[in-house]
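Here the structure is laid out as structure tokens; the discussion comes afterwards.
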Number of protein chains: 2
Amino acid sequence: MLCFDIYAANHAFARVYKPLLDPLGLTYPQFLVMLVLWAEAPLSVGTIGKRLGLSSNTLTPLLKRLAQTGYVTRRRDGADERRVQVDLTESGAALRERADHVQQCATRATGMSLEDMQALQDQLQRLSAHLLESGRA
Amino acid sequence: MLCFDIYAANHAFARVYKPLLDPLGLTYPQFLVMLVLWAEAPLSVGTIGKRLGLSSNTLTPLLKRLAQTGYVTRRRDGADERRVQVDLTESGAALRERADHVQQCATRATGMSLEDMQALQDQLQRLSAHLLESGRA
DNA sequence: TGCGCTTAAATCGTGTACGATACAAAGGAA
DNA sequence: TTCCTTTGTATCGTACACGATTTAAGCGCA
């Protein structure tokens, strides 16, 4: 079963990342949120959720922990008081360099060439698109 | 990032399976455990864990829920009282037919040919093996 | 026989995930 | 304006996932 192998690969990645992320004070999902913010910040809770496929019920407590750790700030958008803008702190932005090293370690751990990795990513993206599409039908 | 795409694909699968599994009274992880048991039963808690990469701290409550639903039984192994043998009930074994239909729906939802799917599974299995290997080094 | 080491489950605390719901702010129609 | 609907977060309850610890059952060896 394909779902089985993806489940296993996801676990395997989480296990590779955990010892690398522990010194940074990040969990694996928190790291994924930071990846999104390093690419573009500030972002609203909802926008982060769209990028990761998560909703506020998961993100709100996660972001509160990131804020408590001191990597992000959360404040109401002045223009639209419904929105909460999440931004990087200086400390959160500075973490990016150390995170790059984490990525390199993780990439090495896959044992794959960059071309194979890119091909696999393309396949997975097509797969996800198909699965989500069929969910709406 | 590859980890990102695998994370997304795993979520996408969970979302496809949820509406299919709800009528069966199973969650996605519970379904994975049932897959293992349908392939071979009875099995000890530890053996199920090896197949799925989970330990007793996750499996014990999950198996208790499966037992409460009436799909499995849990009893101490007479030969080795440390072990708990998990076996299918009549109802749990009978569920297999309905589950086959779920698998067909999910397979269709991938939008992939059987050959492509097999190739992707092989890649993922090699990837997981590499990741787990590098974790021990 | 007895002592210690290992192994198998269970338990505990923390942190995701998610459906359902609540609630306040925004935006529109009468 | 007033009401109604939509939108963006937050909250609640249930169910994984996992590190750390606990407990009990084998097992080995002096």
Side-chain angles (χ1 to χ4, degrees), chain A residues 3 7-19 21-22 25-34 42-69 72 74-86 132 135, chain B residues 3 7-19 21-22 25-34 42-69 72 74-86 132 135:
Chain A
C3 62
Y7 182 83
N10 191 45
H11 277 265
F13 256 122
R15 261 163 230 176
V16 167
Y17 272 105
K18 182 172 300 273
L21 292 177
D22 272 347
L26 288 175
T27 66
Y28 185 55
Q30 286 170 9
F31 174 68
L32 295 176
V33 169
M34 293 299 285
L43 287 175
S44 71
V45 173
T47 307
I48 297 173
K50 276 203 191 73
R51 300 266 201 281
L52 293 169
L54 298 173
S55 339
S56 67
N57 48 9
T58 298
L59 285 175
T60 295
L62 189 155
L63 290 169
K64 282 184 180 173
R65 285 181 205 109
L66 279 180
Q68 190 150 20
T69 310
V72 305
R74 300 164 63 248
R75 64 169 188 15
R76 289 279 163 187
D77 183 342
D80 185 342
E81 286 283 335
R82 289 173 305 179
R83 272 190 251 269
V84 169
Q85 290 287 335
V86 180
L132 295 178
Chain B
C3 62
Y7 182 84
N10 192 43
H11 277 283
F13 256 123
R15 263 164 228 175
V16 166
Y17 271 105
K18 184 173 297 275
L21 293 177
D22 272 346
L26 289 175
T27 66
Y28 186 53
Q30 285 169 11
F31 173 67
L32 295 177
V33 169
M34 292 300 284
L43 287 175
S44 70
V45 172
T47 307
I48 297 172
K50 277 205 192 72
R51 300 267 200 282
L52 293 169
L54 299 172
S55 340
S56 65
N57 48 8
T58 299
L59 284 175
T60 296
L62 189 157
L63 290 169
K64 282 184 179 172
R65 284 179 208 109
L66 279 179
Q68 189 149 23
T69 311
V72 306
R74 301 163 62 250
R75 65 171 188 13
R76 290 277 164 189
D77 183 342
D80 184 342
E81 286 284 334
R82 291 174 304 179
R83 275 192 251 271
V84 168
Q85 290 288 335
V86 180
L132 294 179

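Order of the sequence lines sets the chain letters (A, B, ...), proteins ahead of strands, with each chain counted from 1.
Set against D/dT9, C/dA8, D/dA20, the side chain of A/S44 has D/dT9 as its closest nucleotide. Taking only side-chain atoms of B/R82, from C-beta outward, the nucleotide of D/dG8, D/dC12, C/dT7 with the closest atom is C/dT7. Listed nucleotides C/dA10, C/dA17, C/dA25 differ in distance to A/P29; the shortest reach to its side chain belongs to C/dA17. Considering only the side chain of B/T60, C/dA10 comes nearest among C/dC18, D/dA10, C/dA10. Of the candidates D/dA17, C/dC18, D/dT9, C/dC18 carries the atom nearest the B/H11 side chain, counting heavy atoms from C-beta on. Of the candidates D/dT9, D/dC16, D/dT11, D/dC16 carries the atom nearest the B/T27 side chain, counting heavy atoms from C-beta on.
Here the closest heavy-atom approach between residue B/T69 and residue B/G25 is recorded as CG2-O, 4.4 Å. Pairing each heavy atom of A/Y28 with each of A/L21, the nearest pair is CA-CD1, 3.8 Å. Heavy atoms only, all atoms of each residue included: A/S44 and A/R83 are closest at CB-CD, 4.0 Å. Nearest approach of B/H11 to A/L54, heavy atoms of both residues: CE1-CD2, 4.2 Å.
Across all strands shown, B/L54 has heavy atoms under 4.0 Å from sugar-phosphate atoms exclusively, and none from any base. No contact: A/K50 has no heavy atom under 4.0 Å from any strand. Across all strands shown, A/R65 has heavy atoms under 4.0 Å from base atoms, whether or not it also approaches the sugar-phosphate. Nucleic acid contact class of B/L62 (heavy atoms, under 4.0 Å, all strands): sugar-phosphate only. Contacts of B/G53 with the nucleic acid, taken as non-hydrogen atoms under 4.0 Å apart, involve only primed sugar atoms and P, OP1 or OP2. If you check every strand for non-hydrogen atoms under 4.0 Å, B/S55 touches nothing.
Of the residues near DNA chain C, A/T58 and A/D80, the one whose nearest nucleotide (by heavy atom distance) lies more toward the 5' end is A/T58. Each of A/R74 and B/S56 was matched to the nucleotide of DNA chain D holding its nearest heavy atom; the match closer to the 5' end belongs to A/R74.
OP1 or OP2 of D/dC16 lies within a sub-4.0 Å distance of a side-chain N or O belonging to B/Q30. Taking side-chain N and O atoms only, B/R76 has no distance below 4.0 Å to OP1 or OP2 of C/dA8. Close to D/dC18, at under 4.0 Å from its OP1 or OP2, lies no side-chain N or O of A/Y17. Within the structure, a side-chain polar atom (N or O) of B/Y7 is placed less than 4.0 Å from OP1 or OP2 of C/dA17. Phosphate proximity of D/dT14 to B/K64: absent, as no side-chain N or O sits under 4.0 Å from OP1 or OP2.
Going from atom CG of A/L66 over to atom P of C/dG15 covers 11 Å, rounded to whole Å. Computed from coordinates, the B/E81 CD to D/dC27 P distance equals 13 Å when rounded to whole Å. Atom NZ in B/K18 sits about 6 Å away from atom C1' in C/dC18, given to the nearest Å. Remark: P of D/dG19 and CG of B/L59 are 14 Å apart, rounded to the nearest angstrom. What separates CG of A/L63 from P of D/dA10 is a distance of 8 Å, to the nearest Å. The interatomic distance linking A/N57 (CG) with C/dA20 (C1') rounds to 9 Å, in whole Å. Separating the CG atom of B/L52 from the P atom of D/dC18 is a distance of 11 Å, rounded to the nearest angstrom. The separation between B/R83 atom CZ and D/dA25 atom C1' is 11 Å, rounded to whole Å.
Panel note: side chain A/R74, backbone A/Q85; no donor-acceptor pair is recorded below 3.5 Å.
Between A/F31 and A/Y17, the ring planes are tilted. Angles from 30° to 60° get that label.
With respect to B/L66, the side chain to side chain contact (heavy atoms under 4.5 Å, CB included) criterion is satisfied by exactly one of B/V72, B/T27, B/L59: B/V72.
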